[in-house]
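Quick notes on the structure that follows.
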Amino acid sequence: MATAIITGSARGIGAAIALRLAKDGFDIALNDISEAMFENNDIVEQIKAEGVMCEYFIADVSNYADCERFVKEVKAKFGTIDVLVNNAGITRDGLLARMSEENFDTVIAVNQKSVFNMTKHAGSVMMKQKSGRIVNLSSVAGLHGNPGQFNYSASKAAIIGMTKTVAKELGSRGITCNAVAPGFIKTPMTDKLTDAQKEKILQVIAMRRYGTVEEIAGVVSFLASKDASYVTGQVIEISGGLSM
Ligand code: NAP
């Protein structure tokens, strides 16, 4: 049985990706920063109901040593690591002029350094296996920039550079690395926007609606599937036609 790690997967897009990959037949290693996130929901039970193995691992993905331990634990428990989805991400929005150094550093650590931490350790397992799929969560903010998200846009743009570099470095070992760049998806992250902000956003989306977490999970499922075996170093925007 193949195994998928999805970081930041107690809720939101990560939980939807985990459930979809379980439906695709992967054993699932869930992750989040706090135990409480798993105590308050039934994601583990939902995944097990698909007939696959599922366990959650508490680790702060911005912490190098935590990621090393987390990957070792997954390898010991499941035997292989076939898919890594670098999903964990946070926002600390504010205009550049008012952005604190702490809010810059925290977002870069959680969104960007985490991709280094996890890809380094899980990638090493995949290199020995000579196979693997890595999917990174970027954002339209990383492709096009977004006022009020200097830190977030920087981290999500960096993910694109890391995705292409990993694709080039690990391609000869049978490992693909791609990114998805969601637009506005209905999750706790976008629920924080004001009604006025939400209305303004809808006007620039060709499909005039927010995306769903399942619509992101479907594309990640494709990138992790045999059908995407010759797709690497790509960024797929999933935004309902936000930017054309
Ligand atoms: P979300 O609902 O906030 O879920 C993110 C999860 O990551 C949370 O459970 C969070 O736990 C966890 N997390 C945060 N910091 C972590 C850390 N240091 N280590 C481990 N886990 C951590 O976010 P989402 O909307 O599903 O977004 C998922 C990904 O998609 C993110 O990378 C985001 O940037 C990207 N994305 C989202 C949208 C959108 O519209 N929602 C658009 C474009 C891109 P806590 O709650 O305990 O912090």
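Note that ligands are numbered from 1 as they come in the structure, with each ligand's atoms numbered from 1 the same way.
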> Once you round to the nearest 0.5 Å, how far does NZ of K75 lie from CD of Q129?
Replying inline: 6.5 Å
> About how many Å separate NZ of K72 and CZ of F57, when rounded to the nearest 0.5 Å?
Replying inline: 14.5 Å
>> For atom 38 (C) of ligand 1, which of the options G142, G183, S139 provides the nearest non-hydrogen atom?
In response: G183
> Mind checking whether M162 and Q112 have side chains closer than 4.5 Å, heavy atoms only?
Replying inline: yes
>> Taking the side chain as everything from C-beta on, heavy atoms only, tell me whether F184 gets closer than 4.5 Å to L193.
In response: yes
Can a non-hydrogen atom of [X] be found less than 4.0 Å from any atom of ligand 1?
X: Y210; value: no
X: A36; value: no
X: A181; value: no
X: K156; value: yes

> Considering the options N136, I13, V235, L223, which one meets the side chain to side chain contact (heavy atoms under 4.5 Å, CB included) requirement together with V180?
Replying inline: L223
Give the contacting part of [X] toward ligand 1: side chain, backbone, both or neither, where contact means a heavy-atom distance below 4.0 Å.
X: T7; value: neither
X: S138; value: backbone
X: S9; value: neither
X: T190; value: side chain
X: N87; value: both
X: T187; value: side chain
X: M37; value: side chain
X: I90; value: side chain

Does either side chain, that of [X] or that of [Y], offer a donor lying less than 3.5 Å from an acceptor on the other one?
X: T119; Y: N86; result: yes
X: E237; Y: S243; result: yes
X: Y210; Y: K198; result: no

Measure the distance from [atom] to every protein heavy atom, then report the residue, atom name and distance (to 0.1 Å) of the closest one.
atom: atom 40 (O) of ligand 1; result: I185 N, 2.9 Å
atom: atom 12 (C) of ligand 1; result: D32 OD1, 3.4 Å
atom: atom 33 (C) of ligand 1; result: Y152 OH, 3.4 Å
atom: atom 48 (O) of ligand 1; result: I33 CG2, 4.3 Å

>> I need the minimum non-hydrogen distance between Q203 and R208, along with the two atoms involved.
In response: O-NH1, 3.3 Å
>> For the backbone of V110 and the side chain of S114, can you confirm whether one donor and one acceptor N or O come within less than 3.5 Å of each other?
In response: yes
